[in-house]
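Accompanying notes for the structure given below.
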Amino acid sequence: MKLDKLNAVLTRVYESDMPDVNDLEALLELKNSEELAVLFDFADNVRQKFAGAGVFLRGLVEFSNFCRNSCLYCGLNKYNKGLERYCMSHSEILSCVGNIADCGIKTVVLQSGEDNRFGIEALASLVKDIKCRYDIAITLSVGEADRKDYQLLKEAGADRFLLKIETSQEQFYDRFHPEMSFENRIRCLSDLKKLGYQTGCGNLVGLKGQTTKILAEDILFFKRENFDMIGIGLFIPHKQTKLGSDLAGDLEMALKVLAVTRIVTKTSHLPASTAIGTKGGEDAVVRALKAGANVIMPNFTPAKYKELYEIYPGKKCIKESWQKSLELAQECVNSAGRYIDYSRGDSLKK
Ligand code: SAH
């Protein structure tokens, strides 16, 4: 694409309340490095203007890998019988949250597979306990649940919830989630918003058969739903899943989706996702920070559990202690010419 044409498309997408899907597709199809540099710089400027220079840290605790679901791409899916399952105790989780708080980080993300192993009541009491002890925002990432359970957790003090749609196109969704319901996932996201959670969504880039049209529709879905946070993931095949021999997603494509999502959604918090870091190392994290991202999620899961939380293989953080994970985050932030913002980093949406 000629550079003047590219600039015209970027301006149109930036200024429009609901951009044209063809414009988004054209941006996702950019290939040469000069064009990509223009796209990433544009996203970087939008990030600076709407989200500032600070990078927020969210301390991640992967507290259970039990799962009743069968997402075809995920190593935690219930058909992976070779995986040793664990569920951390209340006090083990509290001690991880203590480490996060001691580092001055003001958000903990409690993530797990989907299962009632821990129990909703127990999770609610954990949320209350964390809120009593620490001045910290709680993000839950525990999957689909009934509205009454989401309500119980909200009333216990949870602030935010992450539930990725994975793909916004129903037929494509069904291909990867044969025993699940797209409609229920949408219902969950709607309940979470109505209950007052700061709500995070996101997708997976690189699933077999995914087109730039589908990715462009994902970005329009994020825009329509006005999510507070959006995680752009990158598919990495896991041998013990049905998609074990598929190709991994393309890092460049994930960065393009991230950049276009920033330009379109403007104020949403966008992490430099762990999958991006796994595929491309620290260099990719820095590139993500320079292409629209403003969040990093250092991993605080104890070592013995971290290796069992294998949603995909080779997870970047597995061999690192949480101290190292934090150190690397700081290095990436420095290399990107930014600084860590140690405030809570609540939603920037009005
Ligand atoms: N069970 C919870 C959260 C755990 S999974 C939930 O469903 O919300 C967290 C994220 O890991 C998922 O949203 C998915 O996007 C990502 N993921 C799973 N398998 C993956 C794979 N093979 N490659 C990359 N990301 C994957």
Side-chain angles (χ1 to χ4, degrees), residues 58 60-80 83 85 87 109-118 123 139-145 149-150 153 160-168 172-173 176-177 179-182 184-186 188-189 191-192 197 199-208 210 215 218 222 227 229-251 253-254 257-258 271-280 284 297 299 301 305-306 308-318:
R58 322 292 196 195
L60 179 64
V61 183
E62 299 153 329
F63 68 92
S64 164
N65 69 352
F66 281 94
C67 197
R68 61 176 132 82
N69 274 339
S70 53
C71 309
L72 293 192
Y73 43 79
C74 183
L76 304 191
N77 91 74
K78 66 177 176 186
Y79 296 113
N80 184 4
L83 180 66
R85 305 282 169 165
C87 181
V109 180
L110 299 175
Q111 190 177 85
S112 69
E114 289 183 45
D115 186 79
N116 278 336
R117 190 77 31 160
F118 197 86
L123 190 55
T139 303
L140 297 175
S141 175
V142 298
E144 297 178 18
D149 289 345
Y150 285 154
L153 296 166
R160 312 180 187 140
F161 204 106
L162 291 179
L163 184 72
K164 293 194 188 184
I165 193 71
E166 315 295 357
T167 173
S168 64
F172 196 58
Y173 180 93
F176 297 93
H177 307 91
E179 297 165 58
M180 291 165 71
S181 149
F182 182 78
N184 191 51
R185 208 145 181 101
I186 297 284
C188 288
L189 287 165
D191 281 348
L192 290 165
Y197 281 97
T199 306
C201 199
N203 65 353
L204 254 178
V205 174
L207 293 169
K208 191 173 174 179
Q210 191 175 45
L215 290 168
D218 288 351
F222 300 148
F227 291 113
M229 320 166 256
I230 300 158
I232 308 297
L234 179 63
F235 169 68
I236 298 173
H238 185 300
K239 280 278 172 279
Q240 270 77 50
T241 65
K242 286 206 169 132
L243 307 186
S245 44
D246 283 5
L247 290 177
D250 173 36
L251 175 62
M253 182 57 85
V257 174
L258 174 71
S273 66
T274 311
I276 287 182
T278 296
K279 184 81 195 289
M297 296 168 67
N299 196 317
T301 311
Y305 298 127
K306 207 154 43 172
L308 298 175
Y309 198 82
E310 199 187 46
I311 48 187
Y312 49 81
K315 252 169 71 191
K316 181 183 152 286
C317 54
I318 281 188

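Just follow the structure's listing: the first ligand is 1, and inside any ligand the first atom is 1.
- Residue G113 comes nearest to Y309 through the heavy atom pair N-OH, 4.1 Å, listed as atom of the first residue, atom of the second, then distance.
- When only interatomic distances are considered, the shortest N/O to N/O separation between Y309 and ligand 1 does not fall below 3.5 Å.
- Protein heavy atom nearest atom 8 (O) of ligand 1, with residue, atom name and distance: L163 CD1, 3.7 Å.
- Ligand 1 lies nowhere less than 4.0 angstrom from a heavy atom belonging to P237.
- Separation of atoms NZ (K242) and CZ (F176) is listed at 12.5 Å; rounding is to 0.5 Å.
- Taking every non-hydrogen atom of K164 and a distance limit under 4.0 Å, the qualifying atoms of ligand 1 come out as 13 (O), 15 (O).
- Using a distance-only test at 3.5 Å, with no hydrogens or angles considered, a donor-acceptor pair links the side chain of K279 to the main chain of G249.
- Of the heavy atoms in S112, only backbone atoms (N, CA, C, O) come closer than 4.0 Å to ligand 1.
- Taking atom 13 (O) of ligand 1 as the reference point, the nearest protein heavy-atom neighbour is E166 OE2, 2.6 Å.
- Using a 4.0 Å cut-off to heavy atoms of E114, the atoms of ligand 1 that qualify are 1 (N), 6 (C), 7 (O).
- Note on ligand 1: R185 sits in its first shell, one or more heavy atoms being nearer than 4.0 Å.
- Scanning the protein for heavy atoms near atom 19 (N) of ligand 1, the closest one is Y73 CD1, 3.3 Å.
- The closest approach between any non-hydrogen atom of S141 and ligand 1 is below 4.0 Å.
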request  = Apply salt bridge (Lys or Arg N to Asp or Glu O under 4.0 Å) to E144 and R185, showing your working.
outcome  = CA-CA 7 Å; E144 297 178 18; R185 208 145 181 101; 2.6 Å; yes

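- No hydrogens or angles considered: nothing links the side chains of N77 and S70 as a donor-acceptor pair under 3.5 Å.
- Under the 6.0 Å cut-off for aromatic ring centres, Y73 and F235 do not qualify, their centroids lying 6.0 Å or more apart.
- Not a single heavy atom of F161 sits under 4.0 Å from any atom of ligand 1.
- Taken from OH in Y173 to OG in S181, the straight-line distance is 7.0 Å, to the nearest 0.5 Å.
- Residue contacts with ligand 1, taken as heavy atom pairs separated by less than 4.0 Å, involve L234 solely via the backbone atoms N, CA, C and O.
- In this structure the side chain of V142 reaches within 4.5 angstrom of the side chain of S112, judged on heavy atoms.
- Here is the list of ligand 1 atoms found below 4.0 Å of a heavy atom in F235: 22 (N), 23 (N), 24 (C).
- Not a single heavy atom of H238 sits less than 4.0 Å from an atom of ligand 1.
- With a 4.0 Å heavy-atom cut-off, ligand 1 is reached by no atom of E144.
- When only non-hydrogen protein atoms are considered, atom 9 (C) of ligand 1 lies nearest to Q111 NE2, 3.8 Å.
- Using a 4.5 Å heavy-atom threshold, the side chains of N299 and T274 count as separate.
- Residue-ligand proximity: N203 is placed with every non-hydrogen atom at 4.0 Å or more from ligand 1.
- The closest side-chain heavy-atom distance from V109 to M297 is below 4.5 Å.
- Looking at atom 25 (N) of ligand 1, its nearest protein heavy atom turns out to be L204 CD2, 3.4 Å.
- In this structure, the side chains of I186 and I165 come closer than 4.5 Å at one or more pairs of heavy atoms.
- Summary of contacts: the protein heavy atom closest to atom 23 (N) of ligand 1 is I236 N, 3.0 Å.
- With hydrogens left out, the protein atom closest to atom 10 (C) of ligand 1 is I311 CD1, 4.4 Å, a heavy atom.
- The OG1 atom of T301 lies 8.5 Å from the CD atom of Q111; values are rounded to the nearest 0.5 Å.
- No option in N203, L204, L215, D218 other than N203 meets the side chain to side chain contact (heavy atoms under 4.5 Å, CB included) test with I232.
- Closest to atom 26 (C) of ligand 1 among all protein heavy atoms lies Y312 CD2, 3.8 Å.
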